[in-house]
Amino acid sequence: MTDSEVAVGVTHVADDTMKMTGCGSCGMYMILEGAPGKSFVCMKCRLIELMEEKIRGLEMQVESLVEFRKGFEQIMEQRHEVSEGKSSDLQMEAGLGNSEGRLGEESDQWKHVTKRTRQRKRRASEGEIELQNRFAELENEEGAQQVVTEGDRARKKRRAVSPIGKGEELMEITPNMSPRRIQDGLKRITRENGNGKNLQPEGTGDRLENSTVTRKRQVYVIGDSLLRRIDRPVTRADPENRRVCCLPGAKIRDVDLRLKRILKGAGKNPLIILHVGTNDTARFSLESIKGDYVRLGRTLKEIEAQVIFSGILPVPREGQQRCDKIMTINRWLRQWCYKEGFGMYGHWEAFMDRGQFSRDGLHLSREGNRLLGWRLAQLIKRALN
């Protein structure tokens, strides 16, 4: 066989392996080895699809922010109207009080003036000047003597009602004294007298014991094994009110079954962030995964809470086919969350680096764990504020 015949045979083999294929999206032709699939899409078209998806997500976020701003402006207008109504009521009350004072002076009647009267008196509103003489009733010596006599009579009456024995030190309890101050005074008197009796007024201990502390809003981050080692950045701001629940190997159905048990005692209107679905993409079809998300959504609506779904991360070890499936689910999940009133937070563009995953190509590395924890912590901060 001659050299020319060998060259012709090699050329025919090359023509059989290299085939011209057209992109199903843009129609551009490319020369590829082997027989590509029927729905072949070039890399540029895939990047354009990713960019369009990101733009749609930004448009949804802008719409939600505009609605939130409108609601906030309505609330502020209502508060402003309420505050204006209260200020007008206070001005009317101040005017009535001044008119009553003038009527009392004109009637020349005696008034009972005590030590606490000046403290309880309402301050004049801005722009008004009081021209009354507060000591008008004490100018007469007989009036001053009558006021002192009535004050002594009231002290004797309180001393007779007091549980302290005769000869012991008397502590006057006024309405303006706090329960803590009352307790300290009674303990001091008991210690000085040495009788060991409990001189605490009735009902004071009940008020101190029944005092309740307002509980902060609870935050729960629930998901599969990708939530390992993110509890520190997530709970650092408020360790008492933030929880990270990691369920290794969990699927959407598993979270649906355990959700109410996990949220037992969560309080009023907790914030729930769900990161689940990676394990489902390896075993179930798209329709099955969508059905599981819908059932989980019904369970979440039975609980009065703010819900945010975290987008599924890419799986580098599985190749392009599974990544396309995950992208399809994330796209549907964003639309479904917007329709059902849930939030959705995607991470696809932030986890395109292979170094953010461990050697198995499924779980995150330490760098990836730090990044996911930081992103979820920022998400919680924005959701709570």
Side-chain angles (χ1 to χ4, degrees), residues 23-28 39 41-77 219 221-223 226 234 252 269-278 280-281 286-287 289-298 300-301 304-315 320-353 356 368 371-385:
C23 177
S25 180
C26 62
M28 296 293 294
S39 59
V41 180
C42 63
M43 184 58 66
K44 293 182 180 179
C45 294
R46 291 182 181 177
L47 292 176
I48 292 174
E49 289 179 0
L50 286 174
M51 188 173 294
E52 291 176 351
E53 181 183 359
K54 190 172 183 179
I55 291 172
R56 286 194 294 269
L58 291 174
E59 290 176 352
M60 291 181 182
Q61 292 180 4
V62 170
E63 291 176 359
S64 62
L65 289 175
V66 170
E67 293 176 358
F68 175 80
R69 184 175 181 180
K70 290 181 180 178
F72 180 77
E73 290 176 353
Q74 292 178 358
I75 293 173
M76 294 303 296
E77 289 177 358
V219 179
V221 182
I222 306 170
L226 291 176
V234 170
I252 302 174
N269 192 23
L271 173 61
I272 304 172
I273 299 177
L274 296 171
H275 186 90
V276 65
T278 304
D280 297 80
T281 58
L286 291 176
E287 298 301 326
I289 295 173
K290 292 178 182 179
D292 291 340
Y293 272 119
V294 171
R295 282 188 289 271
L296 179 59
R298 295 196 194 109
L300 289 169
K301 286 188 175 181
E304 295 182 0
Q306 181 183 359
V307 181
I308 300 176
F309 281 89
S310 177
I312 305 175
L313 301 182
V315 182
Q320 188 63 33
Q321 184 177 1
R322 188 170 177 185
C323 288
D324 293 341
K325 185 178 181 180
I326 294 174
M327 289 174 58
T328 304
I329 294 173
N330 283 337
R331 193 180 302 113
W332 174 86
L333 182 61
R334 184 180 297 277
Q335 297 175 357
W336 176 75
C337 289
Y338 183 77
K339 178 181 177 182
E340 297 295 331
F342 301 139
M344 200 279 181
Y345 188 61
H347 310 277
W348 189 270
E349 292 82 4
F351 287 87
M352 297 299 293
D353 187 4
Q356 294 168 348
L371 178 59
L372 182 60
W374 178 81
R375 290 177 64 85
L376 292 179
Q378 295 298 317
L379 174 63
I380 293 171
K381 183 179 179 181
R382 292 198 298 267
L384 294 178
N385 294 335

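Computed from a predicted model, the values in this text were never measured in an experiment.
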Which atom pair, heavy atoms only, marks the closest approach of [X] to [Y]?
X: Pro270; Y: Ala305; value: O-CB, 3.3 Å
X: Glu349; Y: Met352; value: O-CG, 3.5 Å
X: Gln306; Y: Asn269; value: N-OD1, 3.5 Å
X: Thr281; Y: Thr278; value: OG1-O, 2.6 Å
X: Ala350; Y: Arg375; value: CB-NH1, 3.6 Å
X: Ile308; Y: Met344; value: CG2-N, 4.2 Å

Can you check whether Leu286's main-chain N or O pairs, donor with acceptor, with Lys325's side chain at less than 3.5 Å?
no

Examine distances only and state if a side-chain atom of Asp280 and a backbone atom of Ile252 form a donor-acceptor pair shorter than 3.5 Å.
yes

Spacing of CD1 belonging to Ile273 relative to CD1 belonging to Ile380, to within rounding of 0.5 Å
4.0 Å

Is it true that Glu53 and Arg334 have a side-chain N and a carboxylate O under 4.0 angstrom from each other?
no

Flag side-chain contact, heavy atom, 4.5 Å: [X] against [Y]:
X: Gln320; Y: Arg46; answer: yes
X: Trp348; Y: Cys323; answer: yes
X: His275; Y: Val221; answer: no
X: Gln378; Y: Arg382; answer: yes
X: Arg295; Y: Asp292; answer: yes
X: Lys290; Y: Glu287; answer: yes
X: Met51; Y: Ile48; answer: no
X: Ile329; Y: Ile312; answer: yes

Among Ile272, Leu333, Val307, find the residue that satisfies the side chain to side chain contact (heavy atoms under 4.5 Å, CB included) test when tested with Phe342.
Val307

Who pairs with Glu63 by side-chain hydrogen bond (donor to acceptor under 3.5 Å, both in side chains), at least two apart in sequence or on another chain?
Tyr338

Determine the interplanar angle of the Phe68 and Phe72 rings, folded into 0 to 90°, and report it as parallel if under 30°, tilted if 30 to 60°, perpendicular if over 60°.
parallel

What orientation do Trp336 and Tyr293 show, parallel under 30°, tilted 30 to 60°, or perpendicular over 60°?
tilted

